[in-house]
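For reference, the structure discussed in these notes is given below.
All residue numbers in this chain count up from 1 along the given sequence. Computed from a predicted structure; not experimentally measured.
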Amino acid sequence: MKSTASLDVSRLNDDVKAYLQDEACKLIYLQSCQSTNAECMQASEHGTVVLAERQTAGRGRRGRDWYSPASGNVYCSIGLNKSLPADFLGLISLLAGVSIAQVLEEFSYPDISLKWPNDILCQGKKLGGILIETQALAEDQFFLVIGFGLNINLDAKASDYIDQPAISLSMLGKQQINRQSLLAGLIGRIMSSIIGFEQQGALSLLAEFERFDAFRGRQVNLVTPSQTINATYLGLESNGQIRVRTEQGVQTFAAAEISLRQDTHAAD
Ligand code: BTN
């Protein structure tokens, strides 16, 4: 069942604030923009949240486009000032993924999993993605833009533009989707968990990622900027990098993509 109703921004702002103690949150709701990440980066203000009904130049990872029609999906970017060592930036994407997966699970959507570093899957198909963009303000000080897209209603043209198996919440057909309360939960959870990250550290995050991890222990193709390698996906390092076993032994990677190898079964 679909929901394309407009959002009540002032109520959404209040609902999101209920998740945050005294943290700033300023919601900007646009019918259309090029990219909510670009808008948020331009605002460059801690606590800015940009939501759009449609993006004309939605950005995905690795320079890809993110198909963003006005069919009731979620296109959202959250801007936060954050002090953290640059090595730990990769954890932010995992934190956002875990937050989204937890909220979807709480809304009783079944079979939600995560694919490192930042794909949200449902029934093994792509339901959403996260794009983190950063601006360095000083040493170990960043303005972070945490952009996420979630398929709620994919339109009929989606398969022409999306180059992998994709799914939307409306395809699950089980309940009326309340985009307003789903968004309040998603934005509130992502903001509060990233703001609270300094106090809590990464341990519980990594354990939660493991719980949702789609590919742990599986044979994967690992695509790095320079090569494609056959590997067994072992799990995550404490800084969020991926740990794999290859012919060269156990290795870690910060920037890569993984996909399941179709010719193999689960590894032991
Ligand atoms: C991916 O490639 O999986 C990441 C996709 C991220 C898409 C979202 S939609 C909202 C935000 N604005 C953008 O331009 N991209 C992100």
Partner set under salt bridge (Lys or Arg N to Asp or Glu O under 4.0 Å) for Arg211, not counting sequence neighbours: Glu105, Glu208
Would the distance check show the side chain of [X] and the main-chain N or O of [Y] forming a donor-acceptor pair, the cut-off being under 3.5 Å?
| X | Y | answer |
| --- | --- | --- |
| Ser77 | Asn37 | yes |
| Gln123 | Asp111 | no |
| Ser71 | Asn153 | yes |
| Tyr75 | Gly147 | no |
| Lys115 | Ile258 | yes |
| Ser68 | Trp66 | yes |

Can you tell me if Gln227 has over 12 outside heavy atoms packed within less than 6.0 Å of its CD? yes
Answer yes or no: are there more than 12 heavy-atom neighbours, outside Gln31 itself, under 6.0 Å from its atom CD? yes
Residue that, paired with Met171, satisfies side-chain contact (heavy atoms from CB on, under 4.5 Å) out of Leu127, Ile152, Leu154: Leu154
Picking from Asn13, Asp8, Leu7, what satisfies side-chain contact (heavy atoms from CB on, under 4.5 Å) with Ser10? Asp8
If we only count heavy atoms from C-beta on, is the [X] to [Y] side-chain gap below 4.5 Å?
| X | Y | value |
| --- | --- | --- |
| Arg59 | Gln34 | no |
| Ile229 | Phe253 | yes |
| Ile130 | Ile100 | yes |
| Lys126 | Ile162 | no |
| Asn118 | Ile132 | no |
| Asn230 | Gln219 | no |
| Gln180 | Leu12 | yes |
| Ile167 | Asn151 | no |

With sequence neighbours excluded, give me every salt bridge (charged side-chain N to carboxylate O under 4.0 Å, His left out) pair touching residues 153-173. none
Ser193 versus Ser99, closest heavy-atom pair with distance: OG-OG, 2.9 Å
Is there a side-chain hydrogen bond (donor to acceptor under 3.5 Å, both in side chains) between Glu237 and Thr252 once you walk through the steps? CA-CA 8 Å; Glu237 295 287 291; Thr252 60; 5.4 Å; no
Spacing of OG belonging to Ser35 relative to CG belonging to Asp65, to within rounding of 0.5 Å: 11.0 Å
